[in-house]
Amino acid sequence: MKFINQWLRSDIQNIKAYHVPKSENMIKLDAMESPFLVPTDLIKPYLTYLSEAALNRYPNPGAEEVQQTLRSLMDIPKELGVLLGNGSDELIQLMALACETDDTVLSFEPSFVMYEMIAKFARLNYRGVLLDDNYEINLDSTLDEIKRTQPKLIFISYPNNPTGNAFDRESIHTIIKESDALVVVDEAYYAYSEDSFLNEVANYPNLVLLRTISKVGFAGLRLGLLIGCQDTIRELDKLRLPYNINSLTQASANFLLKEKEHIVSNASLIIDERQRLFDELTAMSSLKVFPSQANFLLIKVDDAKSLFEFLKDNGILVKSFAMNTQLSNCIRVTVGNTSENNEFLEQIKSYYG
Ligand SMILES: *Cc1c(COP(=O)(O)O)cnc(C)c1O
């Protein structure tokens, strides 16, 4: 027996590692990244700005300027508090750490897989309430499960990854009101969505919002934020590791995220492309395309595994859910730039001949 196998918690040994597929030289439509790079005319001043970062020093611990930058990028009301994370995944982990061993984390199935993984890392129980056939919240069974398990944390991906829909707002209001949990509305896709709970945070002491810049062009910076009332943010901040936002990320965010118009116009290009993809794919009789308020589309096909392999062999990487019962024969494709989307459409059309 290897040393690590006798040393490591058995539940961790049994976890399947989060798999990131190889994507060199492929059209990468698997991870909801933005296709847009930093504009070329900004590269030089950006590099000059970066060169002024004092890398011999620890980063600014509170990253206040980054907070301000994000507040103006996302129009966050000034009475709310903001907590920064090294990606929003780190903030999910931070909230899990705040729970007691054996507390319950509740979310939905299918939804973002990190809720369950992180709950398990932190030795918490995880309950995934099944969404209905339209991937909508089943309010009755959710309220039953809340009553039965008294969850400490509830994660609601809004819009939901990987289905793309934004759940019924009234259901979410009811869940927030009917539970004693801290309810985390995860708005990773806020830039592509018609709606938000940002203006509700001040109305509910048990509501916090999770956002990230990963889906709007800056996945490489690793920067996410938790938005909540000041008291909640102040207490949770005790669990944050000092200096969790590195100096290069802080400098990059402060320079690049000031380009609000550019970020907003890129998002609107993606929304237009999403509509174009949706229309073209919906016109194909072999496919069922689900409406999306995010920068990806969930598509039900006859044989997801075979289509996934075909696309991969032709240089396009998407996400396949061939094995998931609720998503059987579904693929999820990120909306790319016009030429990437054209290539995807062309390959799909040639596959269905
Ligand atoms: C992508 C995604 C995240 C992770 O964001 P990072 O900030 O890159 O860690 C969180 N929640 C949902 C629902 C996502 O789809």
Side-chain angles (χ1 to χ4, degrees), residues 18-21 28-35 63 66-67 69-70 73-74 82-97 105-119 121 126 128 131 135 137 153-167 172 183-193 195-198 208-227 240-241 244-246 249-250 252-253 256-257 263 267 270 274 290 292-298 318-319 321 324 327 330 332-335:
Y18 187 81
H19 173 65
V20 179
K28 197 170 179 312
L29 303 178
D30 66 324
M32 284 76 87
E33 292 144 322
S34 160
V66 180
Q67 291 202 22
T69 307
L70 287 168
L73 176 68
M74 299 183 180
V82 168
L83 177 57
L84 302 182
N86 188 344
S88 49
D89 287 349
E90 189 187 49
L91 296 165
I92 298 170
Q93 184 184 54
L94 182 148
M95 287 182 278
L97 278 177
V105 172
L106 185 140
S107 188
F108 300 95
E109 296 295 327
S111 190
F112 186 46
V113 294
M114 291 310 292
Y115 305 144
E116 178 174 9
M117 288 190 79
I118 289 173
F121 296 160
Y126 176 80
L131 297 174
Y135 302 127
I137 290 176
L153 268 176
I154 299 177
F155 287 103
I156 306 177
S157 177
Y158 183 87
N160 188 38
N161 173 10
T163 58
N165 58 311
F167 300 132
I172 297 177
V183 179
V184 185
V185 172
D186 182 347
E187 296 190 339
Y189 301 97
Y190 78 96
Y192 309 104
S193 169
D195 231 335
S196 163
F197 275 77
L198 187 56
V208 289
L209 231 63
L210 199 54
R211 287 196 177 183
T212 174
I213 59 167
S214 294
K215 312 292 156 67
V216 294
F218 305 96
L221 290 184
R222 307 305 297 131
L223 181 62
L225 58 156
L226 188 72
I227 305 164
R240 187 175 58 86
L241 294 178
N244 65 329
I245 312 299
N246 74 70
T249 293
Q250 291 196 33
S252 302
L256 299 171
L257 301 182
I263 294 168
I270 292 293
R274 177 181 74 197
F290 293 90
S292 170
Q293 294 208 30
N295 64 338
F296 60 85
L297 291 171
L298 186 74
V318 300
K319 171 88 180 163
F321 294 101
N324 182 315
L327 297 166
C330 284
R332 185 191 64 200
V333 57
T334 307
V335 179

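Note that the structure is predicted; figures quoted are calculated from it, not measured. Note that ligands are numbered from 1 as they come in the structure, with each ligand's atoms numbered from 1 the same way. Any value given below was found using the heavy atoms of this structure, including those in side chains, with hydrogens, waters and symmetry copies removed.
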Proximity of F290 and Y135 rings by center, below 6.0 Å: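 Yes, close enough.
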Aromatic ring proximity F112/Y115, centre distance under 6.0 Å: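 Distance test on ring centres: under 6.0 Å, yes.
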Partner of Y158 by ring pair (Phe, Tyr, Trp, His ring centres under 6.0 Å), out of F197, F108, Y190: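 Only match with Y158 under ring pair (Phe, Tyr, Trp, His ring centres under 6.0 Å): F197.
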Per-ligand residue contacts, ligand 1, heavy-atom threshold under 4.0 Å: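 Lining ligand 1: G87, S88, D89, F112, Y115, S157, N161, D186, A188, Y189, T212, S214, K215, R222.
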Non-neighbouring partners of K319 that pass side chain to side chain contact (heavy atoms under 4.5 Å, CB included), sequence neighbours left out: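 Expected list: F321, R332.
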Side-chain H-bond candidate by donor/acceptor type, S196 with R211, under 3.5 Å: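 Result is yes, a qualifying pair exists.
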Ion pair check, K28 and E33, cut-off under 4.0 Å: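 A salt bridge links K28 with E33.
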